[in-house]
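Below, all heavy atoms of this structure are taken into account, side chains as well, without hydrogens, waters or symmetry copies. Quick caveat, the model's predicted, so the values are computed rather than measured. Every number for a ligand or one of its atoms is a count from 1 in the order of the listing.
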Amino acid sequence: KLKVIIDCDAGIDDAQAIMIALSQEVDILAITCTSGNVDVDKVSKNVLKILEVCERTDIPVYKGAHRSMLGTTFEMPLYHGVDCLGDASDIKDPDMGLLKQTHAAQALVQLVNENPGEVVIIALGPLTNIALASHFDAEFTTRVKDIYLMGGCIHGKGNHWVSAEFNFGADPEAAYVVLNQFKRPVCIVSWETCLEHELEWEFYDRYVQVGTKQAEFMKKISSKIREYEAKMNGPFIACDPFAACAAIQPQIVLQETSVYATVELKEGLTRGQMVIDWRECSRRQLMCD
Ligand code: BDR
Ligand code: CA
């Protein structure tokens, strides 16, 4: 069975991604939590709520970074709600005692070292925990089997500040570390990919009405955003599930491009934007050096 670790900032679409992963024949070694959509305390609580409803509290959950590499934090109440799971009133609090005491970045290092070359990381939030793990242990990035992440936008029209996508824009330095330090290609599901594959609300309505308690949970956490989007005539865009699906069933990916990509770190309008070196200028320059 494929061994995966999910790093997330759950989040409604993170919840969808986790539930999809739980439905597949994979071995989820851990779920690691980071600040992103909301503070990591709420994220950890949300992950435990998701695992409780799916009856999978056997999966260890680790709390990680409270802040980005430079110390910033965000809240996304408009989309995800104040609790970051749609502010549904009747979801019971999870047993927080289940949360592991080890820091998420340490857990990442430990689990990858115990399973060298075997672990696929699915990253669904800002990349802070993963960047920290790669700083803790120089071999970390060589021992990960693959990393699939949702983040970055190709054309500079994202959903965060002027030209970034949220996961990269919320912690550009962490994204920079991950894109530049991994010894293996990093598989990126960009914001544009998610926009190109928006789903019909009819599909969503069928999907939350299949009559299971997981579907009921999904309906509760997403009903506010469903209402909001219906009013605004907006589509059903769920980004994180694409990264989870691509990691678990790579054959669903019909088109992929290998390019050198990095992240703009300078203060200003383009901070956090993914930069793609389509003409391989940086690589050529490196070769000349
Ligand atoms: C990303 O931002 C978050 O709000 C979502 O969970 C997703 O990971 C999309 O830009
Ligand atoms: Ca997310």
Side-chain angles (χ1 to χ4, degrees), residues 4-21 31-40 42-47 49-50 61 63-65 68 72-87 104 121-131 147-172 174-175 178 186-199 204 218 221-222 224-226 228-229 234-247 263 271-274:
V4 305
I5 299 177
I6 302 176
D7 186 76
C8 72
D9 60 340
I12 297 170
D13 61 335
D14 303 72
Q16 290 169 336
I18 292 170
M19 289 170 98
I20 288 174
I31 302 186
T32 52
C33 306
T34 184
S35 281
N37 290 319
V38 77
D39 179 74
V40 70
K42 286 186 187 166
V43 171
S44 312
K45 188 172 176 181
N46 290 347
V47 169
K49 282 183 185 170
I50 298 160
V61 180
K63 184 167 94 173
S68 73
T72 48
T73 55
F74 295 92
E75 298 278 319
M76 301 275 281
L78 188 63
Y79 189 86
H80 294 280
V82 175
D83 73 349
C84 210
L85 273 190
D87 297 325
I121 296 179
I122 303 175
L124 309 175
L127 294 158
T128 324
N129 285 336
I130 298 159
I147 173 163
Y148 284 76
L149 64 89
M150 190 279 130
C153 60
I154 299 169
H155 301 304
K157 187 180 174 202
N159 55 346
H160 183 72
W161 184 221
V162 176
S163 58
E165 176 283 329
F166 178 77
N167 290 338
F168 277 28
D171 195 346
V178 169
V186 173
C187 308
I188 297 176
V189 174
S190 72
W191 172 245
E192 284 86 352
T193 306
C194 305
L195 291 186
E196 278 161 24
H197 297 89
E198 60 190 39
L199 300 166
Y204 164 90
M218 190 50 67
I221 67 171
S222 52
K224 286 206 176 126
I225 192 67
R226 166 80 178 99
Y228 174 81
E229 294 292 6
F236 174 28
I237 304 169
C239 298
D240 293 340
F242 289 116
C245 293
V263 186
R271 178 164 161 77
Q273 187 186 323
M274 179 160 70

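Assignment of His160 to the shell around ligand 1 is not supported, since no heavy atom sits closer than 4.0 Å.
Under the side-chain contact (heavy atoms from CB on, under 4.5 Å) rule, Lys42 has a single partner from Val47, Val82, Asn37, which is Val82. No option in Asn129, Thr128, Thr34 other than Asn129 meets the side chain to side chain donor-acceptor pair (under 3.5 Å) test with Asp7. Partner of Leu149 under the side-chain contact (heavy atoms from CB on, under 4.5 Å) criterion, out of Asp240, Val186, Ile130: Val186 alone.
The N/O atoms of Trp191, backbone and side chain alike, include none that comes under 3.5 Å of an N/O atom in ligand 1. Of the N or O atoms in Cys239, none lie within a sub-3.5 Å distance of an N or O in ligand 1.
Listed by atom number, the atoms of ligand 1 under 4.0 Å from Asp13 heavy atoms are 5 (C), 6 (O), 7 (C). Interface atoms of ligand 1 facing Leu124, defined by a heavy-atom separation under 4.0 Å, are 8 (O). Applying the 4.0 Å criterion to heavy atoms of Asn159 picks out, from ligand 1, the atoms 9 (C), 10 (O). Applying the 4.0 Å criterion to heavy atoms of Asn37 picks out, from ligand 1, the atoms 3 (C), 4 (O), 6 (O). Counting atoms of ligand 1 from 1 in the listed order, those under 4.0 Å from a heavy atom of Asn167 are 1 (C), 2 (O), 7 (C), 8 (O). The atoms of ligand 1 that sit less than 4.0 Å from any heavy atom of Asp240 are 5 (C), 6 (O), 7 (C), 8 (O).
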Residue pair His80, Val38: steps toward the side-chain contact (heavy atoms from CB on, under 4.5 Å) verdict: CA-CA 9 Å; His80 294 280; Val38 77; over 6 Å; no
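When side chains are defined from C-beta on, Tyr79 counts as touching Glu229, because their heavy atoms get closer than 4.5 Å. Trp191 has its side chain out of reach of Ile154: every pair of non-hydrogen atoms, C-beta onward, lies at least 4.5 Å apart. Leu195 places none of its side-chain heavy atoms less than 4.5 Å from the side chain of Lys157. A 4.5 Å side-chain heavy-atom check between Asn167 and Asp9 finds at least one atom pair inside the cut-off.
Taking the Ca ion (ligand 2) as reference, Asp9 places its N/O/S atom OD1 nearest. The Ca ion (ligand 2) sits nearest to atom OD2 when only the N, O or S atoms of Asp240 are considered.
Arg271 CZ to Trp161 CH2: the interatomic distance, rounded to the nearest 0.5 Å, is 11.5 Å.
Expressed to the nearest 10°, the angle at the Ca ion (ligand 2) joining O in Leu124 with OD1 in Asp14 is 130°.
In this structure, the protein non-hydrogen atom closest to atom 9 (C) of ligand 1 is Glu165 OE2, 3.2 Å.
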